[in-house]
Engineer: 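Next up is a structure, given as structure tokens.
Position 1 is the first residue of the sequence; numbering continues from there. Small disclaimer: the values here were computed from a predicted structure and weren't measured.
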Amino acid sequence: MLHVIRSEGLGEAAGLLTTVNESAARVAMHAVRLEVLQAQADATGLPLITVPIPHPCPNEMYETRMSAAIAVAKTEGFTHVAFGDLFLEDIRRYREERMKGTGLTPMFPLWMRATDVLAREMIHGGLDGYVTCVDPRVLSPSFAGRRFDAILLRDLPPGIDPCGERGEFHTCAVAGPMFSNRIDVVPGEVVERDGFVFADLLPRTRSGMVPSVPPS
């Protein structure tokens, strides 16, 4: 999405906003380590804005903390919030409703783009990443930890969205035109927790790798 905003002149991106599981220190649902998240932000040249949420997180708590983060963003001069939603109407309506009265305008740069075409375009454009979370109710756990590439797209069963828009899987990008450098990671262990299958990504360091901790 960031690359689309920049390349199509949709606005000047000024920050990256995401929720973080405050007890596990990982991106909510994606289970990406904060070290990797920060490396992604550094590679975009944009400041990172994290919204800590508990696990599990009641919807009321999620809305309260997101509203607080949006209010701060407004005071700092932000005018829009871009969401990466693709085609789920109920999710878009929810976001639009929550943004009413905040003073910030919601944007949906990828809205209604054909996801099969979009997935191929991203890969052909240099995007590289890993599947970090799989919903085993709809997709085999064997997909956790796999590279997000043309082979994966070929192997997805019928009915699975190529971009995982229905929550079938979540990914972590480690390279692409939105980054100034590659995010150096090594696949870690795969665990099942809370009904989902998570694949860890370990950031490389000068001395080796960060010790593995089961995702939450």
Engineer: Under a single-linkage definition using a 4.5 Å side-chain heavy-atom cutoff for Ile, Leu, Val, Met, Phe, Trp and Tyr, are V138 and V131 assigned to the same hydrophobic cluster?
Structural biologist: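 V138 and V131: one cluster.
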Engineer: Tell me, with the steps shown, if R113 and V4 meet side-chain contact (heavy atoms from CB on, under 4.5 Å).
Structural biologist: CA-CA 12 Å; R113 299 193 184 209; V4 168; 3.6 Å; yes
Engineer: Salt bridge (charged side-chain N to carboxylate O under 4.0 Å, His left out) for R65 and E22? Distances and angles first, verdict last.
Structural biologist: CA-CA 12 Å; R65 296 199 176 182; E22 61 186 358; 3.0 Å; yes
Engineer: Heavy-atom distance under 4.5 Å between the side chains of V174 and D184, does that happen here?
Structural biologist: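 Heavy-atom side-chain distance check fails, nothing below 4.5 Å.
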Engineer: Just how far is it from atom CD1 of I5 to atom CG of L110, taken to the nearest 0.5 Å?
Structural biologist: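 Those atoms lie 8.0 Å apart.
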Engineer: Just to verify, what does S142 make a side chain to side chain donor-acceptor pair (under 3.5 Å) with, not counting sequence neighbours?
Structural biologist: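 Counting only residues at least two positions away or on another chain, S142 forms a side chain to side chain donor-acceptor pair (under 3.5 Å) with S140.
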Engineer: Would you name the heavy atoms of Q40 and A173 that are closest together and state the gap between them?
Structural biologist: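 Residues Q40 and A173, closest heavy atoms: NE2-O, 2.7 Å.
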Engineer: So if you build clusters from Ile, Leu, Val, Met, Phe, Trp, Tyr with side-chain heavy-atom gaps below 4.5 Å, do I91 and M112 land together?
Structural biologist: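 Yes, because I91 and M112 connect within a single hydrophobic cluster, where side-chain heavy atoms sit under 4.5 Å apart.
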Engineer: Could you go through the salt bridge (charged side-chain N to carboxylate O under 4.0 Å, His left out) check for R137 and E192 one step at a time?
Structural biologist: CA-CA 12 Å; R137 296 171 297 179; E192 184 168 359; over 6 Å; no
Engineer: Please tell me if the side chains of L104 and M99 come closer than 4.5 Å, counting only heavy atoms from C-beta onward.
Structural biologist: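 In short, these two side chains touch, coming nearer than 4.5 Å.
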Engineer: Please enumerate all residues that pass salt bridge (Lys or Arg N to Asp or Glu O under 4.0 Å) together with E165, with sequence neighbours excluded.
Structural biologist: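 Partners of E165 by the salt bridge (Lys or Arg N to Asp or Glu O under 4.0 Å) criterion come out as none, since no residue qualifies.
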Engineer: Do we see a donor-acceptor contact under 3.5 Å between the side chains of Y94 and E63?
Structural biologist: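 Side-chain D/A pair, Y94 to E63: present.
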Engineer: Going through the checks in order, is the side chain to side chain donor-acceptor pair (under 3.5 Å) test met by T44 and D42?
Structural biologist: CA-CA 5 Å; T44 67; D42 292 344; over 6 Å; no
Engineer: Can you list the residues that meet the side chain to side chain donor-acceptor pair (under 3.5 Å) rule with R92, with sequence neighbours excluded?
Structural biologist: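 If we apply the side chain to side chain donor-acceptor pair (under 3.5 Å) test to R92, skipping adjacent residues, the hits are E96.
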Engineer: Work out which heavy atom in G126 is nearest to a heavy atom in P177; give both atom names and the distance.
Structural biologist: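 Residues G126 and P177, closest heavy atoms: C-CD, 4.5 Å.
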Engineer: Should R33 and L201 count as side-chain neighbours, where that means a heavy-atom distance under 4.5 Å?
Structural biologist: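 Answer no - side chains too far apart.
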Engineer: When rounded to the nearest 0.5 angstrom, what distance separates CG in L118 from CG in L86?
Structural biologist: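 Separation between the atoms: 6.0 Å.
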Engineer: Of the non-hydrogen atoms in T19 and Y62, which two are nearest, and what is the gap between them?
Structural biologist: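 Heavy atoms only, the tightest pair is CG2-CE1, 3.8 Å.
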Engineer: Tell me the closest heavy-atom pair linking F78 and A14, and the distance in Å.
Structural biologist: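 Reported closest heavy-atom pair: CE2-CB, 3.6 Å.
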Engineer: Would you compute the distance between atom CG of L139 and atom CZ of R166 and round it to the nearest 0.5 angstrom?
Structural biologist: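 Interatomic distance, L139 CG to R166 CZ, rounded to 0.5 Å: 12.5 Å.
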Engineer: Heavy atoms, side chains only, cut-off 4.5 Å: are C172 and V36 in contact?
Structural biologist: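 When only atoms from C-beta onward are counted, V36 and C172 do touch, with a gap below 4.5 Å.
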Engineer: Identify, with sequence neighbours excluded, every residue that meets side chain to side chain donor-acceptor pair (under 3.5 Å) alongside S67.
Structural biologist: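 Counting only residues at least two positions away or on another chain, S67 forms a side chain to side chain donor-acceptor pair (under 3.5 Å) with R98.
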Engineer: Begin with the C-alpha distance, continue with both residues' side-chain angles, and end with the deciding distance and a verdict on side-chain contact (heavy atoms from CB on, under 4.5 Å) for I70 and L17.
Structural biologist: CA-CA 9 Å; I70 294 297; L17 174 70; 4.2 Å; yes
Engineer: Can you tell me how far CG of L152 sits from CD1 of I123, rounded to the nearest 0.5 angstrom?
Structural biologist: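 Rounded to the nearest 0.5 Å, the CD1-CG separation comes to 7.5 Å.
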Engineer: I'd like to know whether R146 forms a salt bridge (charged side-chain N to carboxylate O under 4.0 Å, His left out) with D155, so could you lay out the CA-CA distance, the side-chain angles of the two residues, the decisive distance to 0.1 Å, and finally the verdict.
Structural biologist: CA-CA 11 Å; R146 287 188 54 173; D155 292 345; 2.9 Å; yes
Engineer: Looking at side-chain heavy atoms only, is the closest gap between N21 and V27 below 4.5 Å?
Structural biologist: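 Side chain of N21 against side chain of V27, heavy atoms only: no contact under 4.5 Å found.
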Engineer: Are V51 and M61 joined in one hydrophobic group, where the rule is that I, L, V, M, F, W and Y side chains link up if heavy atoms are under 4.5 Å apart?
Structural biologist: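 V51 and M61: separate clusters.
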Engineer: Between atom CE of M122 and atom CE of M1, what is the distance when rounded to the nearest 0.5 Å?
Structural biologist: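 Rounded to the nearest 0.5 Å, the CE-CE separation comes out at 12.0 Å.
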Engineer: Looking at E12, I'd like to know if its CD atom is crowded, meaning that more than 12 non-hydrogen atoms belonging to other residues, nucleotides or ligands lie closer than 6.0 Å.
Structural biologist: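 Atom CD in E12 is not crowded, with 12 or fewer foreign heavy atoms closer than 6.0 Å.
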Engineer: Is the closest side-chain heavy-atom distance between M29 and C133 below 4.5 Å?
Structural biologist: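 With C-beta onward as the side chain, the pair touches.
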Engineer: Between T102 and K74, does a side-chain contact (heavy atoms from CB on, under 4.5 Å) hold up when you go through it step by step?
Structural biologist: CA-CA 8 Å; T102 64; K74 172 64 175 175; over 6 Å; no
Engineer: Got V190 and V197 here, is their nearest side-chain heavy-atom distance under 4.5 Å?
Structural biologist: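 Result yes, sub-4.5 Å side-chain heavy-atom pair found.
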Engineer: When you look at E168 and D161, which way does the side-chain contact (heavy atoms from CB on, under 4.5 Å) test go after all the steps?
Structural biologist: CA-CA 7 Å; E168 301 100 323; D161 185 75; 3.6 Å; yes
Engineer: What are the two closest heavy atoms between P162 and T115, and how far apart are they?
Structural biologist: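 Residues P162 and T115, closest heavy atoms: CD-OG1, 3.6 Å.
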Engineer: If you take all heavy atoms of A199 and G145, which pair is closest and at what distance?
Structural biologist: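 It is CB-N, 3.3 Å.
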Engineer: Check side chain to side chain contact (heavy atoms under 4.5 Å, CB included) between A175 and all other residues, then give those that pass, not counting sequence neighbours.
Structural biologist: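 Testing A175 for side chain to side chain contact (heavy atoms under 4.5 Å, CB included), a comparison that skips the adjacent residues, returns D128, R182.
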Engineer: If you round to the nearest 0.5 Å, how far is CG of L48 from CG of L34?
Structural biologist: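 These two atoms lie 8.0 Å from each other.
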Engineer: Please assess R154 against D149 for the test salt bridge (charged side-chain N to carboxylate O under 4.0 Å, His left out), listing each intermediate value before the final yes or no.
Structural biologist: CA-CA 9 Å; R154 180 200 66 191; D149 55 17; over 6 Å; no
Engineer: State whether R26 and D200 are salt-bridged, where the test is any N-O pair (Lys NZ or Arg NE/NH1/NH2 against Asp/Glu carboxylate O) under 4.0 Å.
Structural biologist: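 Yes.
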Engineer: Sequence neighbours left out, what pairs pass ring-ring contact (aromatic ring centres under 6.0 Å, His included) with at least one residue falling in residues 117-170?
Structural biologist: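 Checked against ring-ring contact (aromatic ring centres under 6.0 Å, His included) - neighbours excluded - the pairs reaching residues 117-170 are H30-H170.
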Engineer: Would you say the side chain of R120 lies within less than 4.5 Å of the side chain of L153, judging by non-hydrogen atoms?
Structural biologist: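 L153 vs R120: side chains touch.
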